[in-house]
Amino acid sequence: MNITPAQQLTRLVQEWIDQYLPQPPSGSVVQPCNDPRFGHYQSNVAMAAAKVLKKNPREIATSLVEYCQTADFIEPPEVAGPGFVNFTFKQECLEIACSRLAEDTNLGVTPEESPKTIVVDFSAPNVAKEMHVGHIRSTILGDSIARILKIKGHHVIRDNHIGDWGTQFGKLILGYKERGKPEFPESESLAMMQELYQATHQACEADANKLNAAREELKKLQEGDEENLEIWKFFRDRSQSAFDSIYQRLNVTFDHTLGESFFNPWLKSTVEELSQKSIAQESEGAKVVFFEEDELKDHPFLIEKSDGAALYATTDLATLKYRVDEWKAQQLIYVTDGRQQLHFKQLFSTAGRWGQEVDCYHIWFGAILGENKKPLKTREGNPIRLKDLLDEAEQRAKAILLEKRSDLKEAEAQEMARVIGIGALKYADLSQNRNLDYVFDWNKLLAFDGNTAPYLLNAYVRTRSILRKAEVTGEITGASFHLELPHEQALARLLLEYGTVVDQVTKEYRPHLLCGYLYEVASMFHKFFEHCPVLKAGTGALKQSRLSMCQLTGDVLKHGLELLGIETLEMM
RNA sequence: GCGCCCGUAGCUCAGCUGGAUAGAGCAUCAGUUUCCGGAACUGAGGGUCACAGGUUCGAAUCCUGUCGGGCGUACCA
């Protein structure tokens with residue numbers, strides 16, 4: 001297995017720690033220097049150890065320096081300041097590491113030693129409602145997390161837990177019947193259904209008889225009335241095809257789309273089992289789980305209403321068990337907004353007492369707000385449709401593209417605009433720490449400067465262009481590297497970190513770390529591009545080396561963007 | 001009331017388990033093209049890291065408190 005210079009250094013310092021420090025210090029052994037004057041990497045262990053040993057930190061640092069004198073892959077290290085030890089990799093060491101990286105099809109991303117079966121539950125739109133901006137974060141984040149877990153070797157199951165069952169169907173069915181079951185145009189069916197619901201809902205508010213009629217329709221549906229079931233299926237199928245067209249545009253796929261309705265058969269038994277095991281009990285006429293944890297003490301988990309109906313919690317419990325029993329899931333990941341934190345704490349705690357052996361994670365994200373800092377709505381008070389958002393992204397990308405490239409044909413421009421626009425949209429969401437709320441802004445979501453997808457795409461396109469010009473076809477094999485200039489070495493060190501960065505992202509499910517890294521790579525490549533001529537570097541080893549750097553940079557960018565669910569272009 | 005999250009440059013955000021002079025982009029100002037794609041590069045200005053204590057060689061980061069904002073808190077999902 002390949003080992004990067006940084007990992008090699010970590011081992012070396014760790015050896016010294018094991019031999020000379022009775023109490024190994026907590027924290028990282030080595031870390032990158034933020035100031036290039038200090039070298040490539042630094043270790044602060046001497047200062048941490050000095051505290052425990054009550055010795056002079058510089059003395060301890062000197063011991064580490066002496067220990068490292070004989071290592072052949074670094075320059076002799078130095079003690080600096082209060083007790084930092086600064087390391088610089090030998091040029092040769094970086095060159096060898098780059099050659100190995102170039103041969104590694106996974107670019108330093110190593111598969112997990114004990115892969116797991118992991119279910120990623122994300123997106124989850126509601127039937128008969130438009131997908132809106134609120135769904136974008138779950139969809140894009142979930143997709144990226146699933147991609148990253150897969151590349152790490154896990155068995156990933158993507159499940160779209162759509163909201164296809166609930167009280168809204170009473171009103172929908174009533175309204176649909178009252179209008180004489182009209183046919184909807186395929187493309188506008190979601191808008192029609194949403195309008196139908198709103199109109200019927202208002203009518204019910206004003207007229208108690210209508211409300212009762214709606215309840216009656218709901219009851220009939222739940223009891224399996226054939227006509228109502230058929231109407232419900234019609235709504236569901238039409239909604240699904242609308243969702244599918246969005247997912248296709250976003251290049252997002254699912255292994256399963258088991259909606260809430262799928263779990264109806266297990267709702268009763270779930271409640272019964274939890275009651276039998278005394279995990280749930282009756283309270284105020286409803287069935288409830290109480291908790292002992294301080295955090296949840298005052299927050300009972302309602303699993304059956306006083307009228308006997310099931311709830312969100314019931315479905316989630318049944319779903320969880322199904323995933324463990326049928327799919328042998330060892331880990332469950334739920335990607336939803338942060339308002340559901342309490343719900344998932346309750347769910348996970350209940351599942352544990354129920355005996356479900358599975359690791360559960362709630363990956364939550366902040367809200368998308370309007371300019372008034374309140375949940376985003378259009379002027380009419382409706383959420384912004386995801387479909388419109390995608391359209392606008394592509395249109396804006398196309399306008400900018402045509403401004404720069406008036407020579408493009410319509411079809412070419414359209415396709416490039418699709419990749420750039422959708423990429424920019426995804427990247428804007430993924431590049432920000434997911435826990436933060438953010439204010440929706442067209443210019444921000446579709447920004448093409450700075451830390452954005454178009455900037456990364458441009459760097460990638462440059463690598464491809466230069467390789468085309470050099471008439472290099474396919475992969476460069478057995479690449480050798482001569483890293484003479486600072487910019488070459490800096491780029492090399494950055495590329496060698498790729499695998500480590502992917503690991504960091506996996507740890508906390510924070511794709512924005514990968515975005516930040518890729519931005520650094522792109523930025524470093526642009527600098528390399530300015531300062532290190534490639535095609536004009538003669539015909540010898542140096543030119544070959546710089547071409548290899550282009551190849552490697554392009555590979556890392558493409559690989560990283562793929563993990564974010566962003567497509568690349570060969571030209572733009 | 002209690003719980004979770006947030007407060008860093010004019011704006012939008014990074015800042016990893018505490019490390020050396022707190023970083024990017026946008027905006028502003030000043031430069032770079034006989035040269036591999038200028039969607040680029042180089043430089044400048046701009047900060048009491050909300051506030052106050054504490055922990056220590058060292059704090060934007062950890063602890064306590066205060067202020068400000070968002071969200072959640074039993075029959076919606």
Side-chain angles (χ1 to χ4, degrees), chain A residues 26-28 31-35 37-38 42 44 47-48 50-51 56-57 80-84 86 124 126 163 166-168 260 283-288 294-307 309 311-313 315-316 336-343 345 364 366-367 369 373-375 400-401 403-405 420 428 431-433 435-439 441 443-444 447-452 454-455 457-459 461-462 464-470 501 504 507-508 510 512-513 515-516 519-520 523 525-527 529-537 546-547 550 571-572:
Chain A
S26 63
S28 59
Q31 56 192 293
C33 290
N34 46 16
D35 189 330
R37 283 180 305 159
F38 299 133
Q42 64 177 252
N44 308 324
M47 288 181 290
K51 200 181 288 187
N56 183 342
F84 297 103
N86 294 331
N126 290 315
T167 50
Q168 74 270 30
E260 292 168 344
S283 170
E284 297 174 29
K287 295 229 169 69
V288 165
D294 276 348
E295 210 179 357
L296 300 176
K297 212 177 229 166
D298 301 325
H299 303 286
F301 198 37
L302 207 61
I303 62 168
E304 191 179 279
K305 300 206 282 190
S306 41
D307 66 2
L311 295 114
Y312 181 37
T315 315
D316 266 2
T336 83
D337 76 88
R339 290 174 303 184
Q340 300 189 38
Q341 286 177 83
L342 179 59
H343 168 79
K345 280 177 190 164
W364 62 269
L369 309 173
K373 303 266 181 176
K374 295 202 168 141
I400 292 176
L401 189 62
E403 206 177 287
K404 317 238 179 217
R405 295 277 312 271
I420 296 169
S431 61
Q432 181 165 324
N433 182 340
N435 292 139
L436 274 82
D437 291 352
Y438 73 82
V439 175
D441 177 6
N443 293 325
K444 188 185 172 183
F448 290 173
D449 300 306
N451 186 8
T452 65
Y455 180 86
L457 288 173
N458 184 42
V461 163
R462 277 181 149 187
R464 303 308 300 165
S465 164
I466 217 165
L467 289 166
R468 266 197 308 274
K469 287 228 163 79
V501 171
Q504 269 171 16
K507 233 183 216 169
E508 291 189 40
R510 296 191 183 276
H512 83 283
L513 298 174
C515 294
Y519 177 57
E520 254 188 283
S523 174
F525 176 74
H526 282 309
K527 285 174 190 153
F529 184 89
E530 294 291 329
H531 295 99
C532 310
V534 178
L535 298 178
K536 306 221 159 169
R546 288 183 180 169
L547 280 171
C550 291
M571 277 182 272
M572 66 192 271

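In what follows, chains carry the letters A, B, and so on, assigned in the order in which the sequence lines appear, proteins first and then strands, with residues in each chain numbered from 1.
- For the pair A/D337 (side chain) and A/A367 (backbone), a donor-acceptor distance under 3.5 Å is absent.
- Put simply, A/N126 has no side-chain N or O that comes within less than 4.0 Å of OP1 or OP2 on B/rA77.
- Residue A/L513 contributes atom CG, which lies 10 Å from atom P of B/rA14 at whole-angstrom precision.
- An aromatic stacking contact links A/F84 with the base of B/rA20, defined here by ring centres under 5.5 Å apart and ring planes under 30° from parallel.
- Distances shorter than 4.0 Å separate none of the side-chain N or O atoms of A/H531 from OP1 or OP2 on B/rU42.
- At a threshold of 4.0 angstrom between heavy atoms, the contacts of A/A309 with the nucleic acid are absent.
- Taking the C1' atoms as reference points, B/rU12 lies 16 Å from B/rG46, given to the whole Å.
- Between A/Q341 and B/rC4, a side-chain N or O to OP1/OP2 separation shorter than 4.0 Å is absent.
- Judged by centroid separation below 5.5 Å and plane tilt below 30°, A/F38 stacks onto the base of B/rA20.
- Here the separation of B/rG72 from B/rC26, taken at their C1' atoms, is 34 Å to the nearest Å.
- Looking only at side-chain heavy atoms (C-beta outward), A/C550 and A/R546 stay at 4.5 Å or farther from each other.
- Looking at the side chain of A/Q340, the nearest of the listed nucleotides B/rA74, B/rA77, B/rA24 is B/rA77.
- The side-chain heavy atoms of A/W364 and A/N435, taken from C-beta on, include a pair separated by under 4.5 Å.
- Considering only side-chain atoms of A/N44, the nucleotide from B/rG37, B/rA40, B/rG19 that sits closest is B/rG19.
- In this structure, B/rG72 forms a base pair with B/rC2, meeting either the Watson-Crick or the G-U wobble geometry with both donor-acceptor distances under 3.5 Å.
- Residue contacts shown for A/D337 are absent, as no nucleic acid heavy atom lies under 4.0 Å away.
- Rounded to whole Å, the distance from CG on A/D294 to P on B/rG1 is 19 Å.
- The gap from the P atom of B/rA59 to that of B/rA52 amounts to 15 Å, rounded to the nearest Å.
- A/E520 contributes no side-chain N or O that forms a donor-acceptor pair with the base of B/rA24 under 3.5 Å.
- When heavy atoms are screened at a 4.0 angstrom cut-off, A/L401 is found touching base atoms of the nucleic acid.
- A straight line from CG of A/N435 to C1' of B/rC71 spans 13 Å, rounded to a whole angstrom.
- In the set B/rA20, B/rC13, B/rA39, the nucleotide with an atom closest to the side chain of A/Q432 is B/rC13.
- In this structure, of B/rC36, B/rC71, B/rC4, it is B/rC71 that holds the atom nearest to the side chain of A/R339.
- The base-pairing partner of B/rC13, taking Watson-Crick or G-U wobble contacts with both distances under 3.5 Å, is B/rG23.
- Across all strands shown, A/C532 has heavy atoms under 4.0 Å from base atoms, whether or not it also approaches the sugar-phosphate.
- A/H343 has its side chain within reach of A/F301: a pair of non-hydrogen atoms, C-beta onward, lies under 4.5 Å apart.
- Within the nucleic acid shown, A/L311 comes within 4.0 Å of sugar-phosphate atoms alone, with no base atom in reach, counting heavy atoms only.
- Each of A/G516 and A/V534 was matched to the nucleotide of RNA chain B holding its nearest heavy atom; the match closer to the 5' end belongs to A/G516.
- Across every strand in view, B/rA60 sits unpaired, with no contact that passes the Watson-Crick or G-U test at under 3.5 angstrom.
- As rounded to whole Å, 17 Å separates atom P of B/rC36 from atom CE of A/M571.
- The residue among A/I466 and A/K527 whose nearest nucleotide of RNA chain B is located toward the 5' end is A/I466.
- Contact of the A/L296 side chain with the A/L342 side chain is registered, since non-hydrogen atoms from C-beta on lie closer than 4.5 Å.
- Within the 4.0 Å cut-off from OP1 or OP2 of B/rA74, not a single side-chain nitrogen or oxygen of A/K287 is found.
- Taking a pair to require two hydrogen-bonding distances under 3.5 Å in either a Watson-Crick or a G-U wobble arrangement, B/rC51 pairs with B/rG65.
- Nucleotide B/rU8 holds its C1' atom 12 Å from the CG atom of A/L436, rounded to whole Å.
- Taking atom C1' in both B/rG65 and B/rG19, one finds a spacing of 27 Å when rounded to whole Å.
- When distances run from any side-chain atom of A/V461 to the nucleotides B/rC4, B/rC41, B/rG37, the shortest one goes to B/rG37.
- Backbone-only engagement by A/N433 is indicated by non-hydrogen atom pairs under 4.0 Å involving sugar-phosphate atoms exclusively.
- One can find a donor-acceptor pair under 3.5 Å joining the base of B/rA74 and the side-chain atoms of A/S283.
- Distance noted for atom P between B/rC67 and B/rA24: 36 Å (whole Å).
- Residue A/P533 places its side chain closer to B/rC36 than to any other of B/rC36, B/rG3, B/rG15.
- Nucleotide B/rU33 forms a pair with no other nucleotide shown, judged by Watson-Crick or G-U wobble geometry with both contacts under 3.5 Å.
- A distance of about 43 Å separates the P atoms of B/rU28 and B/rU66, rounded to the whole Å.
- The listed nucleotides are B/rG25, B/rG37, B/rC41; the one nearest the side chain of A/Y519 is B/rG25.
- One can place CG of A/L342 at 14 Å from C1' of B/rC5, the figure rounded to the nearest angstrom.
- Spacing between B/rA30 and B/rC51 at atom C1', rounded to whole Å, works out to 38 Å.
- B/rU28 is paired with B/rA44 under the criterion used here, namely a Watson-Crick or G-U wobble arrangement in which both key atom distances are under 3.5 Å.
- Formation of a donor-acceptor pair under 3.5 Å by the A/R405 side chain with backbone atoms of A/M572 is found in this model.
- Comparing atom distances between the A/E260 side chain and each of B/rG37, B/rC26, B/rA77 picks out B/rA77 as nearest.
- In this structure, A/H343 reaches neither bases nor backbone, as no heavy-atom distance under 4.0 Å exists between it and the strands shown.
- For B/rU48 and B/rU34, the P atoms lie 42 Å apart once the distance is rounded to whole Å.
- Looking only at side-chain heavy atoms (C-beta outward), A/V439 and A/K444 stay at 4.5 Å or farther from each other.
- Contact record, A/T452 with A/A447: CG2-O, 3.3 Å, taken as the closest heavy-atom pair.
- Considering all non-hydrogen atoms of both residues, A/A50 and A/N56 come closest at CB-C, 4.4 Å.
- One donor-acceptor pair, N or O on each side, does fall under 3.5 Å between the base of B/rG58 and the side chain of A/K51.
- For the OP1/OP2 pair of B/rG37 and a distance below 4.0 Å, the side-chain nitrogens and oxygens of A/K469 include at least one atom meeting the criterion.
- Checking B/rA74, B/rC41, B/rA39 against the side-chain heavy atoms of A/P454 singles out B/rA39 as nearest.
- The side chain of A/S465 contributes an N or O atom lying less than 4.0 Å from OP1 or OP2 of B/rG37.
- When heavy atoms are screened at a 4.0 angstrom cut-off, A/Y455 is found touching the sugar-phosphate backbone but no base atom.
- Distance check, rounded to the nearest 0.5 Å: OG1 of A/T315 to CD1 of A/I303 gives 11.0 Å.
- Residue side chain A/N86 reaches the base of B/rA20 through a donor-acceptor N/O pair under 3.5 Å, judged by distance alone.
- In this structure, of B/rA40, B/rG37, B/rU73, it is B/rA40 that holds the atom nearest to the side chain of A/E530.
- Between A/Q31 and B/rG19 there is a side-chain N or O to OP1 or OP2 distance below 4.0 Å.
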